[in-house]
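Basis for what follows: all heavy atoms, side chains included, without hydrogens, waters or symmetry-related copies. For ligands, and for the atoms within them, numbers begin at 1 and follow the listed sequence.
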Amino acid sequence: MPATVLVGTQWGDEGKGKITDLLADQMDIVVRFQGGNNAGHTVVDGATELKLHLIPSGILYPHITPIIGSGCVVDPQVLLREIDGLTERGIRTAKLMVSANAHLIMPYHRVLDGARERKLGNSKIGTTRKGVGPAYTDKAARIGLRMQDMLDMKIFRQKLDAALAEKNELLTKIYDLPPFSADDICEEFTGYADRLSTYIADVPYVLNQALDRGDNVLFEGAQGTLLDLDFGTYPFVTSSSPTAGGACVGTGVGPSRIEKVLGIAKAYITRVGSGPFPTELNDEIGHMLQDTGKEVGTTTGRIRRCGWLDTLILKYAVQVNSLTHLAITKLDVLSSLETIQICVGYEHEGTFYDRLPAHQSVFHKCVPVYEELPGWGEPITEVTEFDKLPGAAQSYIKRIEEIAGVPVELIAVGPRRDQTIWRNKQGGPQAARTLQ
Ligand code: GDP
Ligand code: IMO
Ligand code: MG
């Protein structure tokens with residue numbers, strides 16, 4: 001299974017970090033293909049909890065080559081902070097590679113992200129304010145600066161001058177904010193360039209060579225399907241392509257090389273930031289999910305909105321990502337519930353929908369239709385085999401599988417690596433690979 005793509009099937013925070021770390025055991029390379037430090041991926045190794053924003057979640061394994069692909073946007077200040085934080089913990093980052101073509105998040109992108117959100121007022125997206133959207137905007141407008149520009153500060157300066165000519169007008173005249181000085185930015189980035197130049201690599205070449213050799217490559221998605229710029233709940237989305245196709249666009253590996261697409265779904269759903277959320281719970285069950293699931297944003301510290309699992313979203317994710325497998329995380333968080341609701345349709349003005357409505361006004365106003373399943377009412381955090389799960393928990397997984405039409409390969413019942421149930425008898429990533 002040389003090339004596996006891992007994606008979020010909801011609005012992010014599905015537990016991608018945990019599953020990536022788990023699968024990395026059997027991989028040679030883990031590559032991020034989109035997003036920036038808006039991501040917050042949690043990896044728990046024994047007593048150590050790591051929150052990674054930019055560096056791939058396979059970093060804990062010395063055998064892994066972690067790669068940041070060209071579809072990502074990189075804030076060099078954040079990258080260096082992450083490298084230093086990992087080094088302090090004794091985790092080596094020497095093998096890290098960053099695509100020469102990855103775009104840079106510049107200081108003015110961070111400021112513009114906040115300024116645009118303030119201007120939008122009640123219509124704000126609720127971005128992470130890390131400058132991600134403005135950096136992708138400049139990439140598409142062809143006035144962005146890239147990692148490789150730091151290898152030649154003369155070119156960097158020329159491109160910066162061109163970008164600032166426009167940005168400073170925008171900052172001063174539209175947002176009433178102070179302009180940026182090109183000299184200051186150049187000085188700051190010369191320091192970053194000195195430290196980061198050794199990581200800059202020809203990523204498409206490295207990845208394709210690795211795949212030719214038969215190496216195992218895991219493409220680690222950030223965010224989730226409904227935050228996708230094209231397929232998500234626009235405009236309440238991020239500015240990149242977190243769906244499986246993004247893995248190709250964001251790394252320089254063609255689709256024929258992808259053999260497996262694993263979708264990560266929480267046993268319920270969460271969302272940070274604004275936007276529609278049909279199954280959102282604003283009652284005591286919603287609060288229970290927030291508390292028990294520790295649903296606080298990894299990147300921004302915002303409380304995550306919580307709701308019942310929505311299988312219309314899941315089916316949509318299966319479709320737009322061509323998922324071959326599913327991983328269900330945080331099943332343990334539902335353990336105290338007497339009954340569990342699972343959304344199987346929407347109703348809007350007398351019409352029943354069994355798939356996501358294409359028109360966003362319907363999605364904003366629809367009423368979820370639920371199927372009720374029994375809860376299991378006992379802790380499952382130490383269960384390691386599917387057959388040992390309470391019957392009701394097994395039924396919940398089987399129902400999800402039935403509706404999604406894709407096998408649930410693994411189930412997470414806690415944040416640790418060992419709190420994982422593999423659906424095959426042998427257990428573990430190696431055995432899972434024989435399923436292919
Ligand atoms: P990501 O962005 O998709 O990587 O997810 P986050 O790391 O932002 O959020 C997932 C949170 O749930 C993290 O704190 C994980 O440690 C935790 N987590 C992952 N899987 C499980 C699980 O099965 N049960 C519980 N209780 N927590 C989990
Ligand atoms: P991981 O990888 C959850 C959300 C923001 C906001 C919208 C746009 O940890 O799953 P942006 O800063 O990207 O312009 O914000 O997207 N968002 C996430 N929500 N998990 C994430 O990443 C997210 N990254 C961005 O809250 O609604
Ligand atoms: Mg997260």
Side-chain angles (χ1 to χ4, degrees), residues 6-22 32 34-45 48-54 56-57 72-73 75 105 109-110 112-114 116-117 124-137 220-229 232-240 242 263-277 289 291-305 327-335 379-381 383 410-421:
L6 180 152
V7 292
T9 60
Q10 301 162 342
W11 278 292
D13 302 325
E14 298 90 348
K16 299 177 294 294
K18 165 174 167 152
I19 306 297
T20 300
D21 166 72
L22 203 64
R32 277 273 309 268
Q34 45 70 233
N37 57 300
N38 47 352
H41 295 183
T42 316
V43 174
V44 179
D45 176 23
T48 310
E49 186 186 64
L50 275 184
K51 295 201 179 288
L52 296 158
H53 299 287
L54 211 41
S57 302
C72 295
V73 284
D75 186 331
I105 296 183
H109 291 141
R110 288 194 299 266
L112 279 169
D113 201 350
R116 283 186 182 147
E117 283 285 273
K124 69 173 192 279
I125 312 292
T127 74
T128 57
R129 302 196 180 201
K130 304 294 181 193
V132 170
Y136 279 115
T137 305
E220 178 187 11
Q223 289 81 50
T225 302
L226 289 195
L227 288 173
D228 187 282
L229 183 59
T233 46
Y234 191 90
F236 303 103
V237 292
T238 192
S239 300
S240 66
I264 317 297
K266 241 178 232 188
Y268 49 100
I269 294 201
T270 62
R271 173 164 210 173
V272 229
S274 326
F277 182 176
L289 295 174
D291 292 345
T292 313
K294 300 196 175 70
E295 295 298 353
V296 177
T298 313
T299 303
T300 54
R302 289 178 291 178
I303 301 223
R304 295 174 183 153
R305 300 155 65 192
I328 305 294
T329 60
K330 301 192 109 167
L331 187 65
D332 53 300
V333 177
L334 303 182
S335 290
I380 56 168
T381 48
V383 179
L410 58 145
I411 301 153
V413 291
R416 298 194 317 262
R417 278 180 192 155
D418 60 336
Q419 291 176 305
T420 310
I421 298 170

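- Taking every non-hydrogen atom of Lys16 and a distance limit under 4.0 Å, the qualifying atoms of ligand 1 come out as 1 (P), 2 (O), 3 (O), 4 (O).
- Checked by distance only, ligand 1 and Leu331 stay at 3.5 Å or farther apart across all their nitrogen or oxygen atoms.
- In summary, the atoms of ligand 1 found under 4.0 Å from a heavy atom of Ala412, numbered by their order in the structure, are 23 (O).
- Nearest residue to atom 9 (O) of ligand 1 from Gln419, Glu220, Glu295, Arg304 is Arg304 (criterion: closest heavy atom).
- In this structure, the side chains of Asp45 and Arg417 come closer than 4.5 Å at one or more pairs of heavy atoms.
- Nearest non-hydrogen protein atom to atom 24 (N) of ligand 1 is Asp332 OD1, 2.8 Å.
- Looking at Glu14, Gln10, Gln34 one by one, the single match for side chain to side chain contact (heavy atoms under 4.5 Å, CB included) with Gln223 turns out to be Gln34.
- Summary of contacts: the protein heavy atom closest to atom 4 (O) of ligand 1 is Gly17 N, 2.8 Å.
- For Gly414, the heavy-atom gap to ligand 1 drops under 4.0 angstrom.
- Using modelled atom types, no side-chain atom of Arg304 and backbone atom of Gly293 make a donor-acceptor pair closer than 3.5 Å.
- Side-chain polar atoms of Thr299 and Asn37 form no donor-acceptor pair below 3.5 angstrom.
- Contact check for Val132 versus Ile105: side-chain heavy atoms found under the 4.5 Å cut-off.
- Contact check on Lys330 versus Glu295 returns a salt bridge, with a Lys/Arg side-chain nitrogen under 4.0 Å from an Asp/Glu carboxylate oxygen.
- The atoms of ligand 1 that sit less than 4.0 Å from any heavy atom of His41 are 1 (P), 2 (O), 4 (O), 7 (O).
- Counting atoms of ligand 1 from 1 in the listed order, those under 4.0 Å from a heavy atom of Val413 are 23 (O), 24 (N).
- Looking from atom 2 (O) of ligand 1 to the surrounding protein, the closest heavy atom is Gly40 O, 2.8 Å.
- To the nearest 0.5 Å, the span separating OG1 on Thr137 from CG on Leu112 amounts to 9.0 Å.
- Looking at ligand 1, you'll find an N or O of Asp13 within less than 3.5 Å of one of its N or O atoms.
- Every heavy atom of Gly12 sits 4.0 Å or more from the atoms of ligand 1.
- Lys330 N, 2.9 Å is the protein heavy atom nearest to atom 23 (O) of ligand 1.
- Under a 4.0 Å N-O distance rule, the pair Glu49/Arg416 does not qualify as a salt bridge.
- A donor-acceptor pair shorter than 3.5 Å cannot be found between the side chains of Lys16 and Thr329.
- The count of protein N, O or S atoms under 2.8 Å from the Mg ion (ligand 3) stands at 2, with waters excluded from the count.
- If you run side chain to side chain contact (heavy atoms under 4.5 Å, CB included) between Ile421 and each of Leu410, Val383, Ile380, only Val383 comes through.
- With hydrogens and angles left out, the side-chain atoms of Arg271 and Thr233 include a donor and acceptor closer than 3.5 Å.
- Among pairs with a residue in residues 124-137, none fulfils salt bridge (Lys or Arg N to Asp or Glu O under 4.0 Å), at least two apart in sequence or across chains.
- A donor-acceptor pair under 3.5 Å is absent between the side-chain atoms of Ser239 and the main chain of Tyr136, judged by distance alone.
- Of the N or O atoms in Val333, none lie within a sub-3.5 Å distance of an N or O in ligand 1.
- Between Lys266 and Asp13 there is no salt bridge, since none of the side-chain N atoms of the basic residue sits less than 4.0 Å from a carboxylate O of the acidic one.
- Annotation for ligand 1: atoms under 4.0 Å from non-hydrogen atoms of Gly15 are 1 (P), 3 (O), 4 (O), 5 (O).
- Scanning the protein heavy atoms around atom 20 (N) of ligand 1, the nearest turns out to be Lys18 CD, 3.6 Å.
- A donor-acceptor contact under 3.5 angstrom links the side chains of Glu220 and Ser57, judged on distance only.
- Distance alone, capped at 3.5 Å, places no donor-acceptor pair between the Thr292 side chain and the Leu289 backbone.
- Using a heavy-atom distance under 4.0 Å as the criterion, the protein contacts of ligand 2 are Trp11, Gly12, Asp13, Lys16, Asn38, Ala39, Gly40, His41, Ile125, Gly126, Thr127, Thr128, Ala222, Gln223, Leu227, Val237, Thr238, Val272, Gly273, Arg302.
- Between Thr329 and ligand 1, no N or O atom pair is found at a separation short of 3.5 Å.
- Looking at ligand 1, you'll find an N or O of Thr42 within less than 3.5 Å of one of its N or O atoms.
- At least one side-chain heavy atom of Arg110 sits less than 4.5 Å from a side-chain heavy atom of Asp75.
- Remark: Phe277 engages Trp11 in a ring pair (Phe, Tyr, Trp, His ring centres under 6.0 Å) (not counting sequence neighbours).
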